[in-house]
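We count ligands from 1, going down the list as the structure has it; atoms in each ligand are counted the same way. Atom set for the values below is all heavy atoms of this structure, side chains included, hydrogens, waters and symmetry mates excluded.
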Amino acid sequence: MILTVTLNPSIDVSYPLDHLKIDTVNRVKNVRKTAGGKGLNVSRVIHMLNHDLTATGFIGGYFGKWLENQLDRDGIARDFLPIDAETRSSIAMLHDGGKQTEILEAGPTIAPEDAQKFLDHFDKLLDQADLVTISGSMPQGLPEDYYTQMIANADAKSVKVLLDTSGATLKSALEAPVKPLLIKPNEEELAGLLNRKVDKTDYAALKQDLMDPIFDGVDWIVVSLGSAGAFVKHQNKFYHAAIPKIQVVNPVGSGDSTLAGLAMGIHDGKSDEDILKTAMTTGMLNTMEAETGFVNPAKFDTYFAKVTIENY
Ligand code: ATP
């Protein structure tokens with residue numbers, strides 16, 4: 001099975017409003033609440049495409065119970081480490097013709113004992129895992145190299161890790177002796193890592209960027225480019241994955257859906273071409289749905305056939 005890690009899950013609350021009024025009351029009729037945090041988006045997509053997975057991370061309080069109930073309702077296997085503090089909520093207000101204003105709680109602060117307990121819990125789960133995905137930022141209280149420790153633990157059991165995070169956490173993972181199998185930086189994250197501007201429309205320059213020694217030892221680097229698909233390095237091969245023009249309903253969570261596709265393709269031992277086609281298809285299918293981290297499996301084959309992979 002694929003083990004998906006969401007250390008700071010969240011109840012994602014979405015409020016559609018015609019107009020957001022400041023310093024007064026806004027009333028909403030159609031509230032949508034989903035099990036969120038990037039790793040749970042990954043989990044949902046993997047599950048919808050009929051792959052075995054277990055979702056893990058820290059969970060706490062009544063909100064945590066609600067979240068676990070949602071996963072049970074959807075049939076997503078889970079094995080979270082319970083903590084005392086409440087799991088967080090994240091609010092997205094969709095207003096004024098396409099604007100999105102978000103209020104994101106930091107979430108619980110993880111106590112050192114819980115940090116250690118989770119590493120032990122993770123270690124046990126690794127015995128049943130073929131592949132791990134780690135997504136999102138870390139909750140407060142954990143050391144910067146916590147993901148690095150998890151990657152080393154996974155490596156000790158010969159389990160590879162796909163890591164989708166940013167900032168100091170990503171940097172720390174790249175500096176560690178044991179590397180993730182795959183990272184998925186976007187343009188901004190890439191620029192942050194390289195400490196220089198990155199032009200995502202210039203593939204020749206992107207190719208140079210991905211050859212930077214900072215990435216040595218990382219097998220796959222997938223730079224997703226929204227409607228332009230993705231530019232990818234796998235060992236010493238480079239690819240551009242091109243996608244058709246599609247009707248976008250809600251692009252939020254496309255990166256997570258792409259990671260789900262990468263995980264499934266790699267897990268299934270597919271060719272580079274098919275791994276990338278799967279990832280582009282899951283990304284596209286997510287943009288075509290109103291819900292976040294959600295795909296319509298019936299459309300998979302049609303869109304898979306429309307992705308083209310060129311060597312670069
Ligand atoms: P996120 O903020 O959701 O993590 P990201 O920046 O990591 O996103 P994107 O590059 O925006 O990820 O999107 C990931 C994939 O989703 C793309 O490679 C593509 O397959 C699909 N996708 C995203 N936006 C579009 C779009 N406008 N049209 C077609 N496909 C899209």
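Not counting sequence neighbours, the partners of V28 by the side chain to side chain contact (heavy atoms under 4.5 Å, CB included) test are Y15, P16, L17, V31. Looking at residues two or more places apart in sequence or on another chain, you find no salt bridge (Lys or Arg N to Asp or Glu O under 4.0 Å) involving K99.
Annotation: side chain of L182 is not in contact with side chain of I221 (no heavy-atom distance under 4.5 Å). In this structure, V222 and I183 have side chains that are not in contact, with every pair of non-hydrogen atoms separated by 4.5 Å or more.
At the top of the distance list for atom 12 (O) of ligand 1, counting protein heavy atoms only, stands S224 OG, 3.1 Å. Ranking protein heavy atoms by distance to atom 20 (O) of ligand 1, first place goes to M280 O, 3.4 Å. Looking from atom 4 (O) of ligand 1 to the surrounding protein, the closest heavy atom is K38 NZ, 3.4 Å. Atom 27 (N) of ligand 1 has its closest protein heavy atom at V248 CG2, 3.4 Å. Closest to atom 7 (O) of ligand 1 among all protein heavy atoms lies K184 NZ, 2.8 Å. The nearest heavy-atom contact from the protein to atom 8 (O) of ligand 1 is G255 N, 3.5 Å. Ranking protein heavy atoms by distance to atom 30 (N) of ligand 1, first place goes to I243 CD1, 3.2 Å. Considering only non-hydrogen protein atoms, atom 13 (O) of ligand 1 sits nearest to S254 CB, 3.6 Å.
Tested against D256 for a side-chain hydrogen bond (donor to acceptor under 3.5 Å, both in side chains), the candidates N286, N41, T4 yield a single pass: N41.
Ligand 1 places these atoms under 4.0 Å from at least one heavy atom of T287: 22 (N), 23 (C), 24 (N), 25 (C), 31 (C). The distance from ligand 1 to the heavy atoms of T258 drops below 4.0 Å at these ligand atoms: 14 (C), 15 (C), 16 (O). Residue G253 has at least one heavy-atom neighbour below 4.0 Å for each of these atoms of ligand 1: 3 (O). For ligand 1, the atoms closer than 4.0 angstrom to any heavy atom of G283 are 16 (O), 21 (C). Residue-ligand proximity, I246 to ligand 1, at heavy-atom distances under 4.0 Å covers atoms 28 (N), 29 (C), 30 (N).
With ring centers used as reference points, F118 lies under 6.0 Å from F58.
Checking H240 against Y312 by side-chain atom types alone, no donor-acceptor pair falls below 3.5 Å.
Remark: atom 18 (O) of ligand 1 lies closer than 4.0 Å to at least one protein heavy atom.
By the 3.5 Å distance cut-off applied to N or O atoms, G226 is counted among the residues near ligand 1.
When every heavy atom of E289 is checked against every heavy atom of N250, the shortest pair comes out as O-CB, 3.4 Å.
For the pair K65 and Y62, the cation-pi criterion (under 6.0 Å, within 45° of the ring axis) is not fulfilled.
Distance check: E187 CD to T201 OG1 gives 8.0 Å after rounding to the nearest 0.5 Å.
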